[in-house]
Structure formats: C-alpha cells, structure tokens
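Structure first, then comments.
What's counted below: heavy atoms across the whole structure, side chains too, no hydrogens, waters or symmetry copies.
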Amino acid sequence: MGAARPHRGRRLDWFSVQLSNGQQYMLYFIRDRKDKIVSSFGTISVLPVSPPPVPLSEIVTGSWHSR
C-alpha cells in the first residue's frame, strides 16, 4: 500500500499484491481535497503478458486486517 499527494491537495492511494502463481493486482484511487474518491483504476497481470486495464465496475473495495 502506498499514498502520495501529487498536487493541489489531491491524494493517490494504491494497493498491490503479487501471488505465488505470478499474478499481480494493482488498484489506484485518486482522492480530492475532501478525501472523496474521484477516479480509480486497476490492473491484473499474469506474467509475462503486460497488464490490461480493469474496468471500475470489476473493482471491489473494502478493508481487512491480517492477524
């Protein structure tokens, strides 16, 4: 997970996971000054093919805590 403030109070949150079978998932969320998500996108990559874009409708958001 990462976060950055590119400019003008906006924030970019990103999440990434790489599985043991080589699949990689990345999600990006761009937030405005009020912390509202204004844009999001993601990629799925199965090596060695380059990642296609993932439609927003296929992105599931939520949270979890590992033990």
Checklist outcome for this item: OG of Ser39 to CG of Asp32, rounded to nearest 0.5 Å, is 11.5 Å
Checklist entry - Taking the six-membered ring for Trp, are Phe29 and Phe15 parallel (under 30°), tilted (30 to 60°) or perpendicular (over 60°)? => result perpendicular
Item to check | Interatomic distance, Ser40 atom OG to Asp13 atom CG [nearest 0.5 angstrom] | outcome: 11.0 Å
Next on the checklist: How long is the straight-line distance from NZ of Lys36 back to CZ of Arg31, given to the nearest 0.5 Å?
Outcome noted: 12.0 Å
Checklist outcome for this item: Distance col, row Asp35:CG vs Arg11:CZ, nearest 0.5 angstrom, shows 4.5 Å
Checklist outcome for this item: Rounding to 0.5 Å, atoms CG (Leu27) and OG1 (Thr43) come to a distance of 8.0 Å
